[in-house]
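One structure below.
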Amino acid sequence: MNYWLMKSEPDVFGIDDLKRVKKEPWDGVRNYQARNFMRDEMKKGDLVLFYHSNSKPAGIAGLMEISKESHPDHTCWDKKSKYYDPKSTKENPRWFMVEVKYKKKFKEILSLETIKNTKALSTMKIVQKGNRLSITPVTKKEFDYVLKLAES
DNA sequence: GCCAACGTTGGC
DNA sequence: GCCAACGTTGGC
């Protein structure tokens, strides 16, 4: 089992939205590294930290689970979508997505500031300089510590 | 809204 | 394959 962190802007789609709809396809990822994680490494049942970016405060807002493994992201074939990509064909899809399922909303956001100030979490990709990747792997150690902090 | 730090594109 | 120009991300 693997652990992950996925970013989203709560103004667009946040933990409360996920709680309401229960399940959501994680479409619109247009970065090759992030795509590869979804396509090649994410397995059903993997647990995912839901990170709110561009918000106050920015930080980890809750927990979700991979409910469906990777399949082509259909929004790249939709000319009206802002994620439309003419170079992606049905025969050779370029972009993939997974589906996530709501698990839990933390009582309080575990803020980026707290994460930065927590030594045990200093290895997280999210606090490393220059990492803007919207999907990053998380170690079990980091994951357990995040849950512990969020529950306390 | 600013801007640093990236990633992507495309001409050569 | 290089790299300038451009676009995006995301904290502040």
Side-chain angles (χ1 to χ4, degrees), chain A residues 2-21 24-42 46-66 69-100 102-139 141-143 145-150 152:
Chain A
N2 290 315
Y3 301 93
W4 306 94
L5 179 145
M6 291 163 93
K7 296 180 188 173
S8 177
E9 301 189 22
D11 288 349
V12 180
F13 187 84
I15 190 78
D16 290 324
D17 298 303
L18 183 61
K19 187 175 183 180
R20 183 160 38 78
V21 299
E24 179 76 0
W26 207 263
D27 59 18
V29 173
R30 296 291 180 270
N31 171 283
Y32 288 102
Q33 250 184 296
R35 177 205 67 183
N36 292 347
F37 284 138
M38 288 200 288
R39 190 190 58 189
D40 306 332
E41 297 190 43
M42 280 188 175
D46 281 1
L47 294 174
V48 185
L49 301 171
F50 193 148
Y51 181 90
H52 281 182
S53 62
N54 260 323
S55 67
K56 287 182 180 176
I60 300 169
L63 187 62
M64 50 194 180
E65 179 185 327
I66 304 295
E69 287 177 22
S70 88
H71 45 292
D73 179 346
H74 55 81
T75 61
C76 63
W77 298 317
D78 178 2
K79 280 191 178 154
K80 281 172 288 182
S81 170
K82 67 178 208 174
Y83 301 122
Y84 176 64
D85 180 356
K87 288 177 186 159
S88 180
T89 62
K90 299 231 175 185
E91 296 72 33
N92 188 19
R94 174 181 285 201
W95 303 112
F96 290 80
M97 63 186 182
V98 295
E99 183 192 77
V100 294
Y102 173 80
K103 289 281 277 184
K104 181 186 285 188
K105 178 185 176 179
F106 294 159
K107 286 204 179 64
E108 224 175 293
I109 285 196
L110 181 60
S111 71
L112 182 62
E113 194 189 358
T114 305
I115 296 169
K116 281 180 176 165
N117 291 331
T118 304
K119 206 167 172 219
L121 299 180
S122 63
T123 51
M124 290 192 77
K125 295 270 190 298
I126 198 115
V127 292
Q128 277 155 34
K129 193 180 164 143
N131 200 321
R132 300 178 316 169
L133 210 55
S134 66
I135 300 177
T136 51
V138 172
T139 67
K141 227 178 217 176
E142 291 160 355
F143 182 85
Y145 206 91
V146 164
L147 281 203
K148 201 176 90 181
L149 275 188
S152 65

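Labels below follow one simple rule: chain letters A, B, ... track the order of the sequence lines, proteins then strands, and each chain is numbered from 1.
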Which atom pairs link the protein and nucleotides 1-6 of chain B when you take only N or O atoms and keep those under 3.5 Å?
{"from": "B:dA5", "atom 1": "OP1", "to": "A:Lys129", "atom 2": "NZ", "distance (Å)": "3.3"}
{"from": "B:dA5", "atom 1": "N3", "to": "A:Arg132", "atom 2": "NH1", "distance (Å)": "3.2"}
{"from": "B:dC6", "atom 1": "OP1", "to": "A:Lys129", "atom 2": "O", "distance (Å)": "3.3"}
{"from": "B:dC6", "atom 1": "O2", "to": "A:Arg132", "atom 2": "NH1", "distance (Å)": "3.1"}
{"from": "B:dC6", "atom 1": "O2", "to": "A:Arg132", "atom 2": "NH2", "distance (Å)": "2.7"}

With 3.5 Å as the limit, what N/O pairs link the protein to nucleotides 8-11 of chain B?
none

What residue among A:Asn2, A:Ile135, A:Val98 forms side-chain contact (heavy atoms from CB on, under 4.5 Å) with A:Phe37? A:Ile135
Any pair counted as salt bridge (charged side-chain N to carboxylate O under 4.0 Å, His left out), so long as it reaches residues 24-41 of chain A, sequence neighbours left out: A:Arg30-A:Asp73
Do the side chains of A:Trp95 and A:Val29 get nearer than 4.5 Å, heavy atoms only? no
Remember a base hit wins even if backbone is also touched, and classify A:Lys56 as base, sugar-phosphate or nothing at under 4.0 Å, heavy atoms. nothing
By ring-ring contact (aromatic ring centres under 6.0 Å, His included), which residues pair with A:Phe50, not counting sequence neighbours? A:Trp26, A:His52
Who pairs with A:Tyr3 by ring-ring contact (aromatic ring centres under 6.0 Å, His included), at least two apart in sequence or on another chain? A:Phe143
Between the first and last five pairs of the helix from B:dG1-C:dC12 to B:dC12-C:dG1, the angle of the axes, rounded to 10 degrees: 10°
Are any non-hydrogen side-chain atoms of A:Phe13 and A:Val21 less than 4.5 angstrom apart? yes
So, A:Asp17 and A:Arg20, do they make that salt bridge, N to O below 4.0 Å? yes
Look at the side chain of A:Gln128 and the backbone N and O of A:Thr123, then say whether any donor-acceptor pair between them is shorter than 3.5 Å. yes
Any A:Ile60 side-chain heavy atom under 4.5 Å of A:Ile126 side chain: no
Do A:Leu49 and A:Leu63 come close enough that some side-chain heavy atom pair is under 4.5 Å? yes
